[in-house]
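What follows is a single structure, written as structure tokens, with notes after it.
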Amino acid sequence: MVLKIGVIGTGAIGQDHIHRISNTLSGAKIVAVTDVNAEQAKAVVNNENMDAKVYENGHDVINSEDVDAVIVTSWGPTHEEFVLASIAAGKPVFCEKPLATTAEGCKRIVDAEIAHGKQLVQVGFMRRYDKGYRALKHVIEHGRIGEPLMVHCAHRAPSAPGCTGDMALTDSFPHEIDVLRWLLNDDYVSAQVILPRNTRFAAEGLQDPHIVLLETKQGIRVDTEIFVNCQYGYDIQCQVVGETGIASLPEPSSVLMRSEAKLSTEILVDWKDRFIDSYDVELQEWINCTVKGEVNGPSAWDGYVVAVTADACVKAKHTGQIVPISIQERPSFYIKQLVL
Ligand code: NAI
Ligand code: NAD
Ligand code: ISE
């Protein structure tokens, strides 16, 4: 069976996912697209040379008889509406992060999915599919560095044109929030945010960088520098300090150069390149599972927990306080999600 997919939002990542499904992956085709910018949606269909219909809006895509499953890649504030509509239509939906822009919005999705009685939602936390993070998890789970005690992370982007308000915490940092709880098999109990001296490259009125300190249930301390105008590259770092050793996320492979009196390797600059393999694996697994009627990846529950944690970070930033994070037990409906 070829899975017929409708895509809502043909911006940066929407175009990327359309391209990989049409050219790199197997078992699926794009049959429907939409974007509030209709011209852009039409241009994407033309450029990709696809046999896909351009619909008026997201709801028409979701409700089209031609569409088996939905991908939501529109901007964050629209996600909740389209995911809820997909659940109402009983269709599997892959939603880019964030699942919704508030924890309450994510909870409404969780409640709707449980009421529907069958899992339909997967959230685009692709780092769980990254070879490097998977290797790091393997090292930890095989006791090669003893019990993890501390984690030092950095999430750096060269510039952040669309990053406004607290989006460094609610749009960029969620990748760390998700991948670290998966890596450590743990959840968070508190958040604190420290505001260093501001870079002159941040847009007027915006804080950059941030340092976020999270504490987990097991007492592991995680510090993350989020620096979205760092100029020099897109650089993701993660170092786990254990009782008997230290394990670091592998750097992306790059030719080691000896040239012009320098020993050097390149640093990537674009997020699209840094996790390109992970997006491929993530979406291929989503297609394969969807065809079998299963959801195996990051769930609506994971999207909810990330949003609760991000909300606590925002509160910690604005109050200067250590903010407790209280997350209820994972509903039994989502227990099988622990496998990934
Ligand atoms: P973008 O701004 O390039 O694209 C968003 C698109 O959605 C735009 O074309 C916009 O016109 C369209 N759109 C907005 N509202 C819409 C609506 N109601 N109906 C239909 N289309 C609508 O943004 P980008 O960078 O592609 O990000 C999209 C989403 O993907 C965001 O949620 C972002 O957080 C996520 N993302 C995830 C990444 C990842 O690594 N997993 C990387 C980049 C983005
Ligand atoms: P973008 O702005 O390039 O694209 C968003 C698109 O959504 C735009 O084309 C916009 O016109 C369209 N859109 C907005 N509202 C819409 C609506 N109601 N109906 C249809 N289309 C609508 O943004 P982007 O960089 O592609 O990011 C999109 C989403 O993907 C965001 O949620 C972002 O957080 C996420 N994202 C995830 C990753 C990742 O690494 N997983 C990377 C980039 C972006
Ligand atoms: C984007 O929204 C993402 O999700 C990328 O993975 C992230 O690292 C980038 O900085 C964001 O803009």
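Note that ligands are numbered from 1 as they come in the structure, with each ligand's atoms numbered from 1 the same way. Values reported hereafter were calculated over all heavy atoms of this structure, with side chains retained and with hydrogens, waters and symmetry mates removed.
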>> Centroid separation under 6.0 Å, is that true for the rings of W271 and Y234?
In response: no
>> Tell me whether V70 shares a hydrophobic cluster with Y279, the cluster being built from Ile, Leu, Val, Met, Phe, Trp, Tyr side chains joined at under 4.5 Å.
In response: yes
> Exactly which residues line ligand 2, taking a heavy atom under 4.0 Å from it as the test?
Replying inline: I8, G9, T10, G11, A12, I13, D35, V36, Q40, T73, S74, W75, G76, T78, H79, F82, E96, K97, P98, G124, M126, D171, H175, W271, Y279
>> Return the closest protein heavy atom for atom 17 (C) of ligand 1 as residue, atom name and distance.
In response: V36 CG1, 3.5 Å
>> Strictly distance-based, threshold 3.5 Å: is any side-chain N or O of H116 a donor or acceptor partner for the main-chain N or O of A112?
In response: no
> Is there at least one pair of N or O atoms, one from T34 and one from ligand 1, spaced under 3.5 Å apart?
Replying inline: no
> Are V54 and M50 connected, step by step, through hydrophobic side chains (Ile, Leu, Val, Met, Phe, Trp, Tyr) whose heavy atoms are closer than 4.5 Å?
Replying inline: yes
> Is it true that Y334 and V179 fall in one hydrophobic cluster, defined by side-chain heavy atoms closer than 4.5 Å?
Replying inline: yes
>> Give me the nearest non-hydrogen protein atom to atom 26 (O) of ligand 1 as residue plus atom name, then the distance to 0.1 Å.
In response: I13 N, 2.7 Å
> Which residue supplies the protein heavy atom nearest to atom 15 (N) of ligand 1, what is that atom called, and how far is it?
Replying inline: W75 CD1, 3.1 Å
> Within the structure, does F82 bring an N/O atom to less than 3.5 angstrom of an N/O atom in ligand 1?
Replying inline: no
> If hydrogens are left out, which of V123, N57, D35 has an atom nearest to atom 12 (C) of ligand 1, that is, the closest non-hydrogen atom?
Replying inline: D35
> Under the 3.5 angstrom rule, does the side chain of D130 hit a backbone N or O of Y133 as a donor-acceptor pair?
Replying inline: yes
> Counting N and O atoms only, with roles assigned by atom type, does the side chain of Q207 sit under 3.5 Å from a partner on the main chain of P196, one being a donor and the other an acceptor?
Replying inline: yes
> Closest non-hydrogen protein atom to atom 28 (C) of ligand 1, residue and atom name please, with distance?
Replying inline: T73 O, 3.3 Å
> Do F125 and I71 share a hydrophobic cluster (ILVMFWY, side-chain heavy atoms under 4.5 Å, transitive)?
Replying inline: no
> At a 4.0 Å cut-off, with the gap strictly under it, does some heavy atom of G124 reach an atom of ligand 1?
Replying inline: yes
> For D187, which of T216, V305, L214 qualifies under side-chain contact (heavy atoms from CB on, under 4.5 Å)?
Replying inline: V305
>> Among all protein heavy atoms in this structure, tell me which lies nearest to atom 35 (C) of ligand 1, with the distance rounded to 0.1 Å.
In response: K97 O, 3.5 Å
> With atoms numbered from 1 as shown, which atoms in ligand 1 lie under 4.0 angstrom from a non-hydrogen atom of Q40?
Replying inline: 9 (O)
> If you count the atoms of ligand 1 from 1 in the order shown, which ones are under 4.0 Å from a heavy atom of D171?
Replying inline: 34 (O)
> For Q15 and T10, what are the C-alpha separation, side-chain angles and deciding distance, and is it a side chain to side chain donor-acceptor pair (under 3.5 Å)?
Replying inline: CA-CA 5 Å; Q15 290 177 33; T10 53; 5.4 Å; no
> Under a 4.0 Å heavy-atom limit, does F275 contact ligand 1 with its side chain, its backbone, both, or neither?
Replying inline: neither
> Looking at atom 7 (O) of ligand 1, what's its closest protein heavy atom, distance included?
Replying inline: S74 CA, 3.1 Å
>> Within the structure, is a non-hydrogen atom of Y279 found at a distance of less than 4.0 Å from ligand 1?
In response: yes
>> Side chain or backbone, does I8 bring an N or O within less than 3.5 Å of an N or O on ligand 1?
In response: no
> For residues 238-257, which residue pairs qualify under side-chain hydrogen bond (donor to acceptor under 3.5 Å, both in side chains), counting only residues two or more places apart or in two chains?
Replying inline: Q237-E251
> Going hydrophobic residue to hydrophobic residue with side-chain gaps under 4.5 angstrom, can you get from V61 over to V83?
Replying inline: yes
>> Contact between V212 and Q192 at the side-chain level, heavy atoms closer than 4.5 Å - yes or no?
In response: no
> What protein heavy atom sits nearest atom 25 (O) of ligand 1, and how far away is it?
Replying inline: A12 CB, 3.7 Å
Quick one: side chains of residues 152-167, donor-acceptor pairs under 3.5 Å with protein atoms, not counting sequence neighbours, listed by atom name and distance.
residue, atom, partner, partner atom, Å
H152, ND1, D223, OD1, 3.4
H152, ND1, D223, OD2, 2.6
H155, ND1, R127, NH2, 3.4
H155, ND1, S172, O, 3.4
H155, ND1, E176, OE1, 2.8
H155, ND1, E176, OE2, 3.4
R156, NE, E225, OE2, 2.5
R156, NH1, Y232, OH, 2.8
R156, NH1, D235, OD2, 3.3
R156, NH2, E225, OE1, 3.1
D166, OD1, K317, NZ, 2.8
D166, OD1, H318, NE2, 3.3
D166, OD2, H318, NE2, 2.8

> Any N or O on M126 sitting closer than 3.5 Å to an N or O of ligand 1?
Replying inline: no
>> Side chain, backbone, both or neither: which applies to K272 and ligand 1 if a contact is any heavy-atom pair less than 4.0 Å apart?
In response: neither
> Which is it for N288 and Q284 under the side chain to side chain donor-acceptor pair (under 3.5 Å) test, yes or no, and what are the steps along the way?
Replying inline: CA-CA 6 Å; N288 298 348; Q284 187 64 67; 3.0 Å; yes
> What heavy-atom pair brings G27 and I287 nearest, and what distance separates the two atoms?
Replying inline: O-CG2, 3.7 Å
> Ignoring hydrogens and geometry, is there a side-chain-to-backbone donor-acceptor pair from H79 to T101 under 3.5 Å?
Replying inline: no
>> Between ligand 1 and H79, can you find any atom pair, the residue atom being a heavy atom, that is separated by under 4.0 Å?
In response: yes
> Under 3.5 Å, is there a donor-acceptor pair between the E48 and H19 side chains?
Replying inline: yes
> Side chain, backbone, both or neither: which part of W271 comes within less than 4.0 Å of ligand 1 when only heavy atoms are counted?
Replying inline: side chain
For ligand 3, find each of its N or O atoms that sits under 3.5 Å from a protein N or O atom, and tabulate the pairs with distances to one decimal place.
residue, atom, partner, partner atom, Å
ligand 3, 2 (O), K97, NZ, 2.9
ligand 3, 2 (O), D171, OD2, 3.1
ligand 3, 4 (O), K97, NZ, 2.7
ligand 3, 4 (O), H175, NE2, 2.8
ligand 3, 6 (O), H175, NE2, 3.1
ligand 3, 8 (O), H155, NE2, 2.9
ligand 3, 8 (O), Y234, OH, 2.3

>> For atom 3 (O) of ligand 1, is there a protein heavy atom at a distance under 4.0 Å?
In response: yes
> Please state which protein non-hydrogen atom is closest to atom 37 (C) of ligand 1 and give its distance, to 0.1 Å?
Replying inline: E96 OE1, 3.1 Å
>> Taking the ring of F82 and the ring of H59, is the distance between their centroids below 6.0 Å?
In response: yes
>> Donor-acceptor pair, distance only, cut-off 3.5 Å: does the side chain of K91 make one with the backbone of V67?
In response: yes
> Under a 4.0 Å heavy-atom limit, does T78 contact ligand 1 with its side chain, its backbone, both, or neither?
Replying inline: side chain
> Using 4.0 Å as the upper bound for N to carboxylate O, is an ion pair formed by D66 and K53?
Replying inline: no
